[in-house]
*Asks:* 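A single structure is presented below for examination.
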2 protein chains.
Amino acid sequence: MKNRIQKLCRDKRITQEELAVLCTVTRQTIISLENGRYNPSIFLAHKISQIFHLTIEEAFLFEEDIHELR
Amino acid sequence: MKNRIQKLCRDKRITQEELAVLCTVTRQTIISLENGRYNPSIFLAHKISQIFHLTIEEAFLFEEDIHELR
DNA sequence: ATTATACGTAAAGTTGACTTTACTTTTTGG
DNA sequence: CCAAAAAGTAAAGTCAACTTTACGTATAAT
């Protein structure tokens, strides 16, 4: 899944390492997320979003719209 | 993690089975989520939230506020 | 009271999110 | 240019999200 982490880090001038520490995950996890190697757990997505003052939906990009209930 | 799924289903008058089908997961997954046996993946959280026209943060309740970047 | 429908539990299996370690490449600053 | 910092890759291991199957219980309607 696509995300804005790389750009957000650049804008806020924090390194992957610093973000990793703030999220209490490893640097490898951040790298793998950025490069789309895997998708965040809901907790990690939430932590990252909070750090950048965004909602999960703002920080992470969900592709397909699914059938909704009216 | 706590969530509003049970109440949302009641209000919208849909069964766990129906929600499961809409989300393309099994009924057991919905039950286990409702009962807090495990936490949703970000995709499932997103699907459920969309079905009820909510954001993930509205449908699922994150407890701890973490250190934020100013 | 009985049936059908919805809700719940249990347990074994698969898969992918995340860790750990170790090494390589790229970028940045003096 | 050179060193240090940052970014990246690889690979093996752990753990929890989710499936599958198969029962058991509660609720509602006839």
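Numbered from 1 within each chain, the chains take letters A, B, ... in sequence-line order. Keep in mind that this is a model prediction, so the values were computed, not measured. In what follows, every heavy atom counts, from backbone to side chain, and hydrogens, waters and symmetry copies are set aside.
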*Asks:* Atom OH of B:Y38 and atom P of C:dA11: how far apart are they, to the nearest Å?
*Replies:* 15 Å
*Asks:* Taking only the side-chain heavy atoms of A:T15 (C-beta and beyond), determine which of D:dA6, C:dC7, C:dT19 contains the nearest atom.
*Replies:* D:dA6
*Asks:* Expressed in angstrom and rounded to an integer, what is the separation of B:E34 atom CD from C:dA6 atom C1'?
*Replies:*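 Distance check: B:E34 CD to C:dA6 C1' gives 11 Å.
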*Asks:* Between B:V25 and B:F43, is the side-chain contact (heavy atoms from CB on, under 4.5 Å) condition met? List the steps.
*Replies:* CA-CA 11 Å; B:V25 294; B:F43 290 118; over 6 Å; no
*Asks:* Examine the side chains of B:T26 and B:T29 and answer whether a donor and an acceptor come within less than 3.5 Å of each other.
*Replies:* yes
*Asks:* Does D:dC18 have OP1 or OP2 under 4.0 Å away from a side-chain N or O of B:T26?
*Replies:* no
*Asks:* Hey, is the side chain of A:R27 poking within less than 4.0 Å of OP1 or OP2 on C:dT20, counting only N and O atoms?
*Replies:* no
*Asks:* Would you say A:S41 reaches D:dA16's phosphate, i.e. side-chain N/O to OP1/OP2 under 4.0 Å?
*Replies:*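 For A:S41, the contact criterion (side-chain N or O under 4.0 Å from OP1 or OP2 of D:dA16) is not met.
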*Asks:* Considering all heavy atoms of both residues, which atom of A:L61 and which atom of A:M1 are nearest to each other, and what is their separation?
*Replies:*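 Heavy atoms of A:L61 and A:M1 come nearest at O-CE, 3.8 Å.
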*Asks:* Give the rounded distance in Å between these two atoms: NZ of B:K47 and P of D:dA17.
*Replies:* 17 Å
*Asks:* Would you mind reading off the distance between B:I31 atom CD1 and C:dA10 atom P, rounded to a whole angstrom?
*Replies:*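 After rounding, the gap between these two atoms is 12 Å.
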*Asks:* Say you draw a straight line from CG of B:L8 to CD1 of B:I48; how long is it, rounded to the nearest 0.5 Å?
*Replies:* 9.5 Å
*Asks:* Verify the contact: side-chain N or O of A:R37 to OP1 or OP2 of D:dT9, cut-off strictly under 4.0 Å; return yes or no.
*Replies:* yes
*Asks:* If I take atom CD1 in residue B:I14 and atom P in nucleotide C:dA6, what distance separates them, rounded to the nearest angstrom?
*Replies:*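 In whole Å, C:dA6 P lies 12 Å from B:I14 CD1.
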*Asks:* Under 4.0 Å between any heavy atoms, over every strand shown, what does A:E18 touch: base, sugar-phosphate, or nothing? Just pick one.
*Replies:*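 Here A:E18 touches no strand at all.
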*Asks:* Any side-chain N or O of B:N35 under 4.0 Å from OP1/OP2 of C:dT9?
*Replies:*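 Indeed, a polar side-chain atom of B:N35 lies that close.
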*Asks:* DNA chain D: B:S32 or A:E17, which has the more 5' nearest nucleotide?
*Replies:*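 Here A:E17 is the residue nearer the 5' end.
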*Asks:* Rounded to whole angstrom units, what separation is found between the CG atom of B:L33 and the P atom of C:dC7?
*Replies:*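 Rounded to the whole Å, the gap is 15 Å.
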*Asks:* Taking the side chain as C-beta and beyond, is there a heavy-atom pair between A:L22 and A:I51 under 4.5 Å?
*Replies:* yes
*Asks:* Classify the side chain of A:Q28 and the base of D:dT9 as holding, or not holding, a donor-acceptor pair under 3.5 Å.
*Replies:*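 When only heavy-atom distances are counted, A:Q28 does reach the base of D:dT9 through a donor-acceptor pair under 3.5 Å.
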*Asks:* For A:L19 and D:dA7, what is the distance between atoms CG and C1' respectively, to the nearest whole Å?
*Replies:*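 From A:L19 CG to D:dA7 C1': 14 Å.
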*Asks:* Between atom CZ in A:R10 and atom P in D:dA5, what is the gap in whole Å?
*Replies:* 22 Å
